[in-house]
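Fair warning: this is a prediction, and the values are worked out from it, not measured in the lab.
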Amino acid sequence: MLNSGRLRLLSLLETLGTVRAVAETLHLSASTVSQQLAVLETETRCRLIERTGRRVRLTPAGLLLARRGREILDQMAEAEAELHALNDEPIGTVRLGAFQSAIYTFAVPAAARLATTHPRLHLELIELEPHEGGPALRSGEADVIVTTTDYVGLSWGADLEIIPLGTDPIVLVLPRDHPLTSRTTVNLAACAEETWACDRPRSYMAELTVRLCRESGFEPRVACRFSNYLMLLRHVESGRSITLLPALAITPEHAVATRELSTPVHRNITIAVRRGTTQRAAVNAVVAALRDHPEIPALSAPNQRSQHPARDR
């Protein structure tokens with residue numbers, strides 16, 4: 001009989017690629033992970049892993065079992081939740097991943113509502129930027145994510161259920177006394193000689209900023225790279241840079257000015273869950289709480305889209 005714990009190890013190995021990464025994710029030693037995978041090979045009487053020097057890769061049998069194993073694990077979790085939900089009460093832990101600007105606009109208000117409506121449901125919040133959310137959802141590190149489907153580095157396959165939340169514009173963020181604040185909208189070509197503050201390399205906003213600047217005919221001169229939007233905004237406040245950010249990331253207490261781009265760019269914000277878990281009562285309760293959010297001025301309804309989605313640029 002297959003062991004669910006060992007199936008999870010194999011599934012994570014397919015997602016993360018190395019035994020060491022699996023061990024770090026589950027807080028185990030690499031030798032323990034290797035031993036358990038060897039036991040799984042014995043149980044299945046199949047060679048699941050090929051070792052090439054210090055690296056490993058899954059055999060065709062290993063790939064098959066990893067993918068079916070993920071389905072089995074989701075079905076087991078769903079069955080457990082359905083048993084608990086016989087009393088119509090979502091319980092247990094749901095891990096909700098969200099990017100920075102969605103934490104306090106979507107995730108925290110949802111947690112507050114769930115604490116009242118479903119007190120036996122524990123919501124664990126995890127900061128996951130768009131390039132991190134998809135892999136975490138597929139590996140089981142997150143059960144629900146708030147993300148953007150505009151990130152071109154990820155594929156959104158049939159294994160994931162996508163629920164639109166809305167769109168927010170990408171805006172140019174300037175010091176309040178910057179000359180460009182005299183304009184209603186700004187063509188990025190006017191920013192060719194400016195100094196930029198950017199997100200960390202390979203992140204959604206860093207890649208979008210570089211792409212938009214290049215399309216406007218210049219390479220941005222970067223003064224700093226911070227993964228924290230507050231630090232980016234503080235750098236702009238000091239008058240030492242400008243930046244591009246989603247409108248959701250900017251609140252009135254920041255001493256900056258924002259201007260829309262002359263060619264509008266927006267970000268599609270969505271909820272994503274693994275398709276096999278959409279009927280779980282706890283996950284459904286979290287999705288419902290996220291969709292029942294208070295009015296957010298920067299957010300437009302999903303069908304009120306600006307001219308150019310970020311992924312198309």
Any heavy-atom pair between the side chains of L128 and T147 that's under 4.5 Å? no

So the salt bridge (charged side-chain N to carboxylate O under 4.0 Å, His left out) pairs with at least one residue in residues 32-53 (sequence neighbours excluded) are R6-E43, E50-R57

Given the options T149, T167, D168, R267 meets side chain to side chain donor-acceptor pair (under 3.5 Å) only with D168

- Query: Side chains of R70 and S11: do they bring a donor and an acceptor to under 3.5 Å?
  - Reply: yes

For F226, the side chain to side chain contact (heavy atoms under 4.5 Å, CB included) test, sequence neighbours excluded, returns C224, M231, L232, H235

Sequence neighbours excluded, the answer for salt bridge (Lys or Arg N to Asp or Glu O under 4.0 Å) partners of D199 is none

Taking only distance into account, with no hydrogens and no angle test, what donor-acceptor pairs under 3.5 Å do side-chain atoms of residues 189-197 form with protein atoms, sequence neighbours excluded?
| residue | atom | partner | partner atom | Å |
| --- | --- | --- | --- | --- |
| E194 | OE1 | H178 | NE2 | 3.2 |
| E194 | OE2 | H178 | NE2 | 3.0 |
| T195 | OG1 | R221 | NH2 | 3.1 |

d(I170 CD1, L212 CG) to nearest 0.5 Å is 8.0 Å

Taken in chain and number order and not counting sequence neighbours, the residues that satisfy ring pair (Phe, Tyr, Trp, His ring centres under 6.0 Å) with H293 are F106

| said: Can you confirm whether R234 is buried at CZ, in the sense that more than 12 heavy atoms of other residues, nucleotides or ligands lie under 6.0 Å from that atom? | reply: no

One should read off an interatomic distance between T258 OG1 and L172 CG, to the nearest 0.5 angstrom, of 9.0 Å

Taken to the nearest 0.5 Å, the spacing of C198 SG from L244 CG works out to 8.0 Å

Sorted by chain and number, sequence neighbours left out, side chain to side chain contact (heavy atoms under 4.5 Å, CB included) with E295 holds for none

Partner of L188 under side chain to side chain contact (heavy atoms under 4.5 Å, CB included), picked from T263, T209, L261, is L261

Q. Heavy-atom distance under 4.5 Å between the side chains of T15 and E141, does that happen here?
A. no

Residues passing the salt bridge (Lys or Arg N to Asp or Glu O under 4.0 Å) test with D159, sequence neighbours excluded, are R138

So CE of M205 and OG1 of T243: to nearest 0.5 Å the spacing works out to 6.5 Å

Those residues at least two apart in sequence (or on a different chain) that pass salt bridge (Lys or Arg N to Asp or Glu O under 4.0 Å) with E71 are none

One should read off an interatomic distance between L10 CG and N3 CG, to the nearest 0.5 angstrom, of 12.0 Å

So CD of E129 and OG1 of T148: to nearest 0.5 Å the spacing works out to 11.0 Å

**Prompt:** Same cluster for V283 and I72 if Ile/Leu/Val/Met/Phe/Trp/Tyr side chains link at under 4.5 Å?
**Reply:** no

Report task. Check whether any side-chain heavy atom of L165 lies under 4.5 Å from a side-chain heavy atom of I271, and answer yes or no. Result -> yes

### Flag side-chain contact, heavy atom, 4.5 Å: N268 against P164
no

Worksheet entry | Common cluster, M76/V273, ILVMFWY with side-chain heavy-atom separation under 4.5 Å | no

Hits for side chain to side chain contact (heavy atoms under 4.5 Å, CB included) against L26, two or more places apart or cross-chain, chain-then-number order -> R8, L9, L12, V22, L28

Please check this pair: side chain of R275 against backbone of L160, looking for a donor-acceptor N/O pair closer than 3.5 Å. yes

Got L65 and L2 here, is their nearest side-chain heavy-atom distance under 4.5 Å? yes

Q.
Just checking F218: does its CZ atom have more than 12 heavy atoms from other residues, nucleotides or ligands closer to it than 6.0 angstrom?
A. yes

Take atom CD of E260 as the centre, draw a 6.0 Å sphere, and report whether it contains more than 12 heavy atoms from other residues, nucleotides or ligands.
no

Check whether R274 reaches the backbone of L137 with its side chain - one donor and one acceptor, N or O, closer than 3.5 Å. yes

Residues pairing under salt bridge (charged side-chain N to carboxylate O under 4.0 Å, His left out) where one sits in residues 98-125, two or more places apart or in two chains, turn out to be E89-R120

query = What's the verdict on salt bridge (charged side-chain N to carboxylate O under 4.0 Å, His left out) for E219 and R214, showing C-alpha distance, side-chain angles and the deciding distance?
reply = CA-CA 6 Å; E219 193 74 20; R214 287 175 178 171; 2.8 Å; yes

Tell me whether the count of non-hydrogen atoms from other residues, nucleotides or ligands lying under 6.0 Å of CZ in R291 goes above 12.
no

**Asked** Mind checking whether I49 and L58 have side chains closer than 4.5 Å, heavy atoms only?
**Response** yes

Residues passing the salt bridge (Lys or Arg N to Asp or Glu O under 4.0 Å) test with R67, sequence neighbours excluded, are E14

Contacts of A255 meeting side chain to side chain contact (heavy atoms under 4.5 Å, CB included) (sequence neighbours excluded), chain-then-number -> R176, E237

